[in-house]
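Chain naming here is simple, since letters A, B, ... match the order of the sequence lines and numbering starts at 1 in each. Keep in mind that what you see is a predicted model, and the values were worked out from it rather than measured.
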Protein chains: 2
Amino acid sequence: MAQKPTIPKGTRDFSPVETMRRQYIFDTIKRVFRLYGFAPLETPSMENLSTLMGKYGEEGDKLLFKILNSGDYAAGLTDGEVRTASKICEKGLRYDLTVPFARYVVQHQGELAFPFKRYQMQPVWRADRPQKGRYREFYQCDVDVIGTRSLLCEAELVEIVERVFRALGIRVVLKMNNRKILYGIAEVIGHADKMTDITVAIDKLDKIGLENVQAELRERGLEQEAIDRLQPILELAGTNEEKLNALRTILASSETGLEGVEELAKVFEFTAAAGVGLPLELDLSLARGLNYYTGAIFEVKALDFAIGSISGGGRYDDLTGIFGLPNLSGVGISFGADRIYDVLLGLGLFPEELNCSTRVFLANLGEAEQAASLRLLRALRDAEIPAELYPEPAKMKKQMEYANRRGIPYVVIVGSQELEEEAATVKNMRTGEQRRVPFADLATALL
Amino acid sequence: MAQKPTIPKGTRDFSPVETMRRQYIFDTIKRVFRLYGFAPLETPSMENLSTLMGKYGEEGDKLLFKILNSGDYAAGLTDGEVRTASKICEKGLRYDLTVPFARYVVQHQGELAFPFKRYQMQPVWRADRPQKGRYREFYQCDVDVIGTRSLLCEAELVEIVERVFRALGIRVVLKMNNRKILYGIAEVIGHADKMTDITVAIDKLDKIGLENVQAELRERGLEQEAIDRLQPILELAGTNEEKLNALRTILASSETGLEGVEELAKVFEFTAAAGVGLPLELDLSLARGLNYYTGAIFEVKALDFAIGSISGGGRYDDLTGIFGLPNLSGVGISFGADRIYDVLLGLGLFPEELNCSTRVFLANLGEAEQAASLRLLRALRDAEIPAELYPEPAKMKKQMEYANRRGIPYVVIVGSQELEEEAATVKNMRTGEQRRVPFADLATALL
């Protein structure tokens, strides 16, 4: 066992500083979720495979981490059966927080007060090929309200986005669209049946440009006339209101499309009424892949840092239908903690105090000094100041090195002279400044 | 899929109220850990099986949850190989937080400042047979310092125990012993080789009584003379100081035993110097099963609620040796969140405010009222008061029922008259009392 141990690829250890920074993100998001009346929910890491399979498409099924049945897992099975994981595994690790949420709502429907507002912040696991920025274990931070069609909920999610990123200091734009508008567009160009093809192609507008999108649409079976009718829609510009007005004309013949337009208009009205200052942008190229969305869709982009979307979500009309409880409409949004971390790090926005878990370090100069230090230490902690004493009388250089490596901002020295004067030497490690503080005033001085 | 979905046996969903209560426990423990300069660490849920296997004994190996390799897991393997999990699984779920901690310290030894003080609060998984109070997924809350033999660390853990349970309002006793004393006892009765047998038997003193312990010792191969010599030791009574003094005589011929006595005496001296008020009890029958302990051992019991130990730990001299880094001494303690939960619930000690995530509920009486409510809502949230508005204008009865089921303490009503007077009706749901509060004062009144 002389070889250094490792961890599975695609997984991560989080060092103290990384963990503190992550906790800061989680705590900030949680605090905002709580302000809006969302209550926390936690579900098990393992779900029955019957709950997970078939919910994420064929590709998703392959990305589930399956857990080997415990005990004599292959007992009584033929070799063939052992080779099909279906018989030797009955449980899998959570792939997202949405399916467990739907499962929970159906299982506990009798105990819940609807609309049910919940948030959930837990890790999920995907057997994806690991690469930069893509991990096999990562956290999701989801907030959803289920059991109401009220568009106030969409507006509330916009407010939550505003408040979270304001608290974190990240400037963002929230892009919105509505699946009904996308359906309406497909309908008015005569291809209601090709809505998915059209949205998949439109989704790439930003990346590959109009010409390539048009080429892709041709490949996907759209005739030139339909493509020509789509072009002015894709090129719609102006304020949200101007876009909505243009869409009212363009989608005049699509009942569903007009519904989508009025839904968006209402959400903009509510957010304006609530005084939301966040930049909101109606973006017709926003499609979002997940096919359970049926109404509003959202995506949040950082304005000052190049990275994909850092938050996204939408309304779904039948999430719990897969578990036998139809017609329960909900809307939710998910915050991408890993990308938010990268943005905060890249822009230098993590608060300074997250660099160290300890505020005050007491050097240890020997037995007699130690007894006094123990009492000072207790007073500091009673004042809620994170403090520690070096556990043994070691060379001063070694102790200062330790305090430095830990990034501790204040060092307190109690030597024989300090003992006599009943006053400690306090050194500010940032400025190098030193001063004497009477023992009795130490906690107050370091608050 | 009409059948109600379920979760794997031995796992749990945590409802909003349960999750809030659990978070309260975790937050309280975390706050204390931080006060003592411990920094958070997080490790992946999955570890390589090579990291986990052989660390928990033969029985432990069987209780590991193994994860099926992803992709074509059985490709190129013979049927026999597929039937031995070793070839189809390379990863397992974390069984405890101690082995991943040791693995982390060895893997990152170059980056760490020693002594390394870390806490870790994450779930662990065991394929144990589920039963009352025993789950297959549960949290551990561990705090350890590694890289120093200083007994100040033991004293600090005692302080942490005191502060955590004082914050939670649970009266406890902390029982302490030292593995070196147990070795010394085995040595002086002439059976240094039988230390494990003796401690296993002694450990049952509380449960089965002296006579049965003696019978078990005979079965385990101790002759009557040795048993007779053991009896007065087991019956030692008096204060900790009296016990220590008696042990100094009894263990006079055992160098290791005396070392254990002086270690304990030092810990008591440090805790007295720091002003610890927690009842500390030297308990010679305390053995603790885990065989990596080599010095102090601790166990915490609730005084007012019958349940096993709610916290425990000890010093280990060679935890990282299994990964090739010998001679790194450490000491740690683990808090049992599930049992602490049961104690708090049983004694009615959870704070009232954990029963509800929302403090203020605004009834929704229609479109015009809604606009005013949205502004009030924003003001409440700006004042950090968790608040929500019913998302649609529904019957008052339905809305009040919702507020009641959610346990929300304050209901705010804004109807046409309130709109006119620019003052809301505020109802205290506990007392039933109602009053009018000007819109502008609402947040202040409800703080």
Side-chain angles (χ1 to χ4, degrees), chain A residues 1-2 4-5 7-8 11-14 16 19-20 34-35 37 39-46 48 51 65-68 70 74 79 82-83 85 89 91 103-104 106-107 113 115 127 137 148 150 152-153 273-275 322-324 357-358 371 374 378 381 386-388 391-392 402 405-406, chain B residues 1-2 4-5 7-8 11-14 16 19-20 34-35 37 39-46 48 51 65-68 70 74 79 82-83 85 89 91 103-104 106-107 113 115 127 137 148 150 152-153 273-275 322-324 357-358 371 374 378 381 386-388 391-392 402 405-406:
Chain A
M1 195 57 93
K4 252 200 193 179
I7 53 176
T11 69
R12 293 168 288 175
D13 282 321
F14 295 109
T19 305
M20 283 188 285
R34 294 291 295 270
L35 268 188
L41 177 71
E42 292 195 352
T43 64
S45 301
M46 303 173 183
N48 292 319
T51 299
F65 275 113
K66 300 190 176 87
I67 294 162
L68 198 68
S70 43
D79 289 338
V82 174
R83 282 175 176 274
C89 297
K91 297 177 288 294
R103 191 266 309 146
Y104 178 87
V106 176
Q107 195 177 336
E137 172 176 43
T148 169
S150 167
L152 280 172
C153 301
I322 44 173
F323 297 114
S357 50
T358 298
L374 282 175
R378 198 164 171 94
R381 289 164 176 165
E388 60 181 286
E392 49 219 37
Y402 170 85
R405 283 194 70 169
R406 292 280 312 279
Chain B
M1 193 60 89
K4 253 201 192 177
I7 52 175
T11 70
R12 294 167 287 175
D13 283 320
F14 295 109
T19 305
M20 283 188 286
R34 294 291 296 269
L35 268 188
L41 176 72
E42 291 195 353
T43 63
S45 301
M46 303 172 182
N48 291 320
T51 299
F65 274 114
K66 301 190 177 87
I67 294 161
L68 198 68
S70 43
D79 288 337
V82 174
R83 281 174 176 274
C89 297
K91 297 178 287 294
R103 192 265 310 146
Y104 178 87
V106 176
Q107 196 177 335
E137 172 176 43
T148 169
S150 167
L152 280 173
C153 301
I322 45 172
F323 296 114
S357 50
T358 298
L374 281 176
R378 198 162 171 94
R381 289 162 176 166
E388 60 181 286
E392 49 219 38
Y402 170 86
R405 283 193 71 171
R406 291 281 311 280

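- Annotation for B/P391 and A/L152: closest pair O-CD1, 3.3 Å, computed over non-hydrogen atoms.
- Comparing A/V106, A/L374, A/N48 by heavy-atom pairs within less than 4.5 Å of chain B, the highest count is held by A/N48.
- Residue with the most contacts toward chain A among B/P5, B/A39, B/S70: B/P5 (heavy-atom pairs, distance under 4.5 Å).
- Interface summary for chain A: among B/C153, B/C89, B/A387, the most heavy-atom pairs under 4.5 angstrom belong to B/A387.
- Contact record, B/S357 with A/G37: OG-O, 4.0 Å, taken as the closest heavy-atom pair.
- Between chain A and the options B/P40, B/S150, B/A113, heavy-atom pairs under 4.5 Å are most frequent for B/P40.
- For the set B/A273, B/A371, B/S45, the count of heavy-atom pairs under 4.5 angstrom toward chain A peaks at B/S45.
- Contact annotation: the side chain of B/K91 never approaches that of A/T11 to less than 4.5 Å [non-hydrogen atoms, C-beta and beyond].
- Atoms CG and CD, on A/L35 and B/E388 in that order, are 12.0 Å from each other to the nearest 0.5 Å.
- Contact record, A/P386 with B/R34: CB-O, 3.1 Å, taken as the closest heavy-atom pair.
- Taking OG1 of B/T51 as the reference point, atom CD1 of A/I7 lies at 9.5 Å (rounded to 0.5 Å).
- Scanning both residues, A/P115 and B/Y402, for their nearest heavy atoms gives O-CE1, 3.2 Å.
- A donor-acceptor pair is defined here as one N or O able to donate and one able to accept, closer than 3.5 Å; no such pair exists between the side chain of B/E137 and the backbone of A/M46.
- Rounding to the nearest 0.5 Å places CD1 of B/I67 at 12.5 Å from NZ of A/K66.
- Residue A/L68 touches chain B through both its backbone and its side chain, counting heavy-atom pairs closer than 4.5 Å.
- Put simply, of A/R406, A/R103, A/E392, A/M20, the one with the most heavy-atom pairs under 4.5 Å next to chain B is A/R103.
- Under the side-chain hydrogen bond (donor to acceptor under 3.5 Å, both in side chains) criterion, B/R12 pairs with B/D338, not counting sequence neighbours.
- Here the shortest heavy-atom pairing between B/L41 and A/F14 reads CD1-O, 3.2 Å.
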